[in-house]
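Note that the coordinates shown come from a computational prediction; the quantities given were computed from them, not determined experimentally. Per chain, numbering begins at 1; letters A, B, ... match sequence-line order.
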Amino acid sequence: MTQYEPKKLEKKWQDYWYQNKRFEAIDFSDKPKYYALVEFPYPSGSGMHVGHIRAYTSLEVIARKRRMEGFNVLFPIGFDAFGLPTENYAIKANIHPRKVTDDNILVFTEQLKASGFSFDFDRVVDTTDANYYHWTQWIFIQLFKQGLAYRNKTYVNYCTSCQVVLSNEESQGGQCDRCDSPVVQREKDVWFLKITAYAEKLLAGLDTLETLPRIKSEQANWIGKSVGAIIHFDVPKTDQQLKVFTTRPDTLFGATFMVIAPEHPLLENARSHITNIQAVQTYQKQAKLKTEFERTQLIKDKTGIRLEGIEAINPGTKATVPIFVADYVMMGYGTGAIMAVPGHDTRDYAFAKTYDLEIKEVILGGDLSKEAYTNTDEGTLVNSDFLNGMPVEQAIGSMIEYLVQENRGFKAINFKMKDWAFNRQRYWGEPIPIIHCHQCGMVPVPEESLPVTLPEVTSFAPSTDGESPLAGIEEWVNVPCPQCQGKAKRETDTMPQWAGSSWYFLRYTDPHNAKKLADYDRLKYWLPVDWYNGGMEHVTRHVIYSRFWHHFLYDMNVVPTKEPYKKRTAQGLILGPDGDKMSKSKGNVVNPTETINRYGADTLRLYILFIGDYEQATPWNESGVKGARRFLDKVWRLFDNVSNQKDAPYLVTLLHQTIEGVSNDIEQVKFNTAIAKLMTFVNEAQKYPTIHKETYLTFLKLLNPLAPHITEELNQRLGNANDLVFAPFPIADPSQMIEDKAVIVISINGKVRDKIEVAKDVDKETLEKIAVSQPKIQEWCDNKPIKKVIVIPNKLVNIVI
RNA sequence: GCGAGUGUGGCGGAACUGGUAGACGCGCAUGGUUGAGGGCCAUGUGGCCGUAAGGCUGUGGGGGUUCAAAUCCCCCCAUUCGCACCA
């Protein structure tokens, strides 16, 4: 036969599939539906990365397999195209970001098609399309109306030289990425989404998610629920109370001092009573100078200052305790104040040692003269009045009862998760659809006026003074108030990139709908997403954010399911050939297009799946690609052996074992072993002069989801008129899988000494007799008494002497 | 520091509920395809000893359970990821 020339034949099949819409998802089809979702890419200027291929091939294989299994498959793709790199490139090259985005999307689309992905390209969504962000804005307005979008102050990274707000990425190490001048923390009024209102639901929803335990625990960790109590400490002389959150109210009798964050309001409210207010203010200033980076990274020095003139009363012991200000306490977590229990917390212990404070044992154990005793999940209370002798769990309950009775506190739940800072001072993002009116305050843009589109401008560079570039566009900013028609101004901040990606999977179900984000019946047909694959790095942020929006939309009766995703997997990174993370600066980036040109898309797909454990990081190996190509060459050549001759029983058995193995491996994301099994089959099959046409065809179907082009071509060359897109996926016949012979290992004291071949399912007694009578074994036993014989049918016989 | 994962040939990686360690691929070696190179085919390829038959040894290290351990238990080491002054 002719040579295998992937370049020609792959183009041919891609044209055929895409022109004939072979991967079209049909709304309301009678077939069972299957929704396979991959994280849509950010269309960067450098084009696709081999990592994208790895991220998509898993569900590509599943999608193709599901079609062959009779499912109506929705396997969509789109572009998460708002964002900084495009904007920065646009500013530098002086090309409109719209144009940059469109060009990049074109390149990506070509690359996706050249890889033979079975996406339904009629459902492509683009987050920067006004028809799309219309609904991103609509969702924001619903959040706003429900009180879940609000304004508050925060600190932003600000470069005084560029006069621009920077992302964390642009201010690594406290320096501006562009001009290297120092970055300061600047207070700014920005938008927040109240994701904390959904903390409990987001946590509970994890139960229904099918995923690796690691992915669940990372999300749970992010949400960070802790149960404890709020306790009120009086501050005599002032009219103030210090409220602390603690997970361990049982240790109240051991609280010998208190620590508040430098930002704590008490410092302002009790100012006149604090005699060393000057020193405190100096400390506050120092703390403010520290970036979040320094405050969280430089953990060694425990600095702090004692408040002179005021003290607090421990509501348990009734003793007065000193109050400190220290930056190891964060205003953003809990109440911004803690009761310090130095006996049983290492940080409090270190602090107490530095300032020579009382360290009191309240849970039995350890040696407090050396270190804090922190093994306190269990234990017995001491030195604690009415709690003495109680186990920890009971003591927590008793203390809460006491606090409630005394009106000194109550049981409380606290979350680590903070509200979502929802703003960017940039041009290339969704405008936040709010109008600021002197009379009416913040007014949402009426829904019928959506979308609020980005104004056409010539300069989209960030404006100075930390404002969005939109702020400088008078004709866009100045609008009448929708309520009172008075003079008003548009909000000029745009949304963060996480916005558009929080609901894109909903739009795929009805991408062209002009009246709604998606038709409810279509959502009902397609949701939930049956399988969602993406990067490990998105497990916390993106997945949680999108789950939050989904929960909210469910409460608004916009979507039919509580949770958006049924199953989540995450692929491992592909590292450079040098074992380092691929990056432009290291020059170790592998371009998929090059590999496709040299070896073909089927080879690339196959190699990437074969490269290693799907969920683990693995380095790229160029000669490994050759191996994948060699395999396809063998498959191609095997065509010459096709005949109507009956196959040897061994090959038939192997075929059915291969069907079973490959199918199972694919479902378990074990693509590397699935391919190994396919390779083994070809290696064995080519040892025979012929292969039966049906056997070969079955093999092609099995290989099709992984290497669709070559298998379509060979199927056609077999004379079959129908393509393989909906050809039934092979199912193994269990009766054909069983071998009639078994190799039995005979070992003596656990060491393999001989192997024998016997008929399948020989009973234990016979097997033992055969084994013991083997000459080699006789020799090894050397007439020593046999103590014991263990027989595992079809596997081994172990003789103990 | 806490949590999760990983550790197996020269390399990527296999090994089901404990039952032939190293599947499959790469690389390498020898031979063939009668010029070379490539390609392809065959054979071999954990280490050590041995011409060979064969033997010993071997899954990060140390101990244990078991007829039998890469797999289970305990202690250590290394490494990756996540969270990180979380009260």
With respect to the side chain of A:Lys626, which nucleotide from B:rU20, B:rG27, B:rG19 is positioned closest?
-> B:rG27
Evaluate the criterion side chain to side chain donor-acceptor pair (under 3.5 Å) for residue pair A:Thr196 and A:Asp419; output intermediate values, then yes/no.
-> CA-CA 6 Å; A:Thr196 49; A:Asp419 277 341; 2.6 Å; yes
Among the candidates B:rG12, B:rU57, B:rC83, find the nucleotide nearest to the side-chain atoms of A:Phe610.
-> B:rG12
Passes side chain to side chain donor-acceptor pair (under 3.5 Å), A:Asn683 versus A:Lys634? Steps please.
-> CA-CA 8 Å; A:Asn683 289 345; A:Lys634 282 188 202 175; 3.0 Å; yes
Modelled atom types, side-chain donor and acceptor of A:Lys416 and A:Asn221, under 3.5 Å = yes
Spacing between A:Ile746 atom CD1 and B:rA68 atom C1', to the nearest angstrom | 16 Å
Mutual orientation of the aromatic rings belonging to A:His542 and A:His538 [parallel < 30°, tilted 30-60°, perpendicular > 60°] | perpendicular
B:rG19, B:rU6, B:rA87: which one has an atom nearest the side-chain heavy atoms of A:Ile790?
-> B:rG19
Any idea if B:rG61 is syn or anti, going by the 90°-from-0 cut?
-> anti
When you check the phosphate oxygens OP1 and OP2 of B:rC83, does a side-chain N or O of A:Arg541 lie under 4.0 Å from one of them?
-> no
Choosing from B:rC16, B:rC85, B:rG13, which nucleotide comes nearest the side chain of A:Lys795?
-> B:rC16
Just checking A:Ser217: base, sugar-phosphate only, or nothing, at a heavy-atom cut-off of under 4.0 Å?
-> nothing
Should stems be defined as at least three consecutive Watson-Crick or G-U pairs with both distances under 3.5 angstrom, which of them involve RNA chain B?
-> B:1-7 with B:77-83, B:10-12 with B:24-26, B:27-33 with B:39-45, B:46-49 with B:54-57, B:60-64 with B:72-76
Measure from CD1 on A:Ile756 to C1' on B:rU20 and round the result to the nearest Å.
-> 13 Å
Considering only the C1' atoms, how many Å lie between B:rG9 and B:rA15, rounded to the nearest integer?
-> 15 Å
Pick base, sugar-phosphate or nothing for A:Ala617, based on heavy-atom distances below 4.0 Å to the nucleic acid.
-> sugar-phosphate
Decide whether A:Asp348 and A:Tyr328 meet the rule of one side-chain donor and one side-chain acceptor closer than 3.5 Å.
-> yes
Whole-Å C1' distance, B:rG7 and B:rG61 = 12 Å
Which class fits the ring pair A:Phe681 and A:Phe699: parallel under 30°, tilted 30 to 60°, perpendicular over 60°?
-> parallel
Taken to the nearest whole Å, NZ/A:Lys634 to P/B:rG39 is 14 Å
Start at the 5' end of RNA chain B and walk down; is the nucleotide closest to A:Tyr614 or to A:Asp345 reached first?
-> A:Tyr614
Nearest heavy-atom pair of A:Ile608 and A:Thr57: which atoms, and what distance?
-> CG2-OG1, 4.1 Å
Scan A:Asp613 against the nucleic acid and name what it touches under 4.0 Å (heavy atoms): base, sugar-phosphate only, or nothing.
-> sugar-phosphate
Closest nucleotide among B:rA87, B:rA68, B:rG12 to the A:Thr618 side chain | B:rG12
Which pairs pass salt bridge (charged side-chain N to carboxylate O under 4.0 Å, His left out) with one or both residues in residues 597-611 of chain A, sequence neighbours excluded?
-> A:Glu60-A:Arg605, A:Arg598-A:Glu622
If the C1' atom of B:rC41 is compared with that of B:rU34, how far apart are they to the nearest Å?
-> 15 Å
A:Arg637, nearest nucleotide to its side chain (from B:rC56, B:rC85, B:rC40) | B:rC40
Stepwise ring pair (Phe, Tyr, Trp, His ring centres under 6.0 Å) test for A:Phe610 and A:Phe671 | CA-CA 6 Å; A:Phe610 187 60; A:Phe671 302 106; over 10 Å; no
Can you tell me the distance, in whole Å, between the CG atom of A:Asn749 and the C1' atom of B:rG19?
-> 15 Å
Centre of A:Tyr532's six-membered ring, under 6.0 Å away, within 45 degrees of the axis: is that where NZ or CZ of A:Arg568 sits?
-> yes
With heavy atoms under 4.0 Å as the rule, sort A:Arg629 into base, sugar-phosphate or nothing.
-> nothing
Of the listed B:rC26, B:rC85, B:rU20, the closest approach to the A:Ser623 side chain comes from B:rC26
Report which part of the nucleic acid A:Lys787 touches: base, sugar-phosphate, or nothing (heavy-atom distance under 4.0 Å, all strands).
-> nothing
Side chain of A:Pro619 - closest among B:rG12, B:rG19, B:rA4 = B:rG12
Examine B:rC67: is either OP1 or OP2 under 4.0 Å from a nitrogen or oxygen in the side chain of A:Lys788? Give yes or no.
-> yes
Per atom distances to the A:Asn683 side chain, the nearest of B:rC24, B:rA87, B:rC67 is B:rC24
Positions of residues 659-680 of chain A (non-hydrogen atom under 4.0 Å from RNA chain B), listed by number = A:Asn672, A:Thr673, A:Ala676, A:Met679, A:Thr680
Side-chain N,O (A:Arg630) to OP1/OP2 (B:rC24) below 4.0 Å | no
Protein-nucleotide distance (A:Ile608, atom CD1; B:rG12, atom P), rounded to Å = 18 Å
What nucleotide, of B:rC83, B:rC26, B:rG12, holds the atom closest to the side chain of A:Asn621?
-> B:rC26
C1' gap between B:rG46 and B:rG58, integer Å | 8 Å
Pick the C1' atom in B:rA23 and in B:rA78, then give their distance to the nearest Å.
-> 28 Å
Given the C1' atoms of B:rC76 and B:rC26, what is the spacing between them in whole Å?
-> 35 Å
A:Gln571 and A:Asn533: side chain donor to acceptor below 3.5 Å = yes
B:rA70 and B:rC16, which share atom name P, separated by this distance in whole Å = 12 Å
Could you state the CE-C1' distance from A:Met536 to B:rU6, rounded to the nearest angstrom?
-> 14 Å
How are the rings of A:Trp498 and A:Tyr545 set to each other: parallel, tilted or perpendicular (split at 30° and 60°)?
-> perpendicular
Can you tell me how far C1' in B:rG22 sits from the matching atom in B:rG10, rounded to whole Å?
-> 14 Å
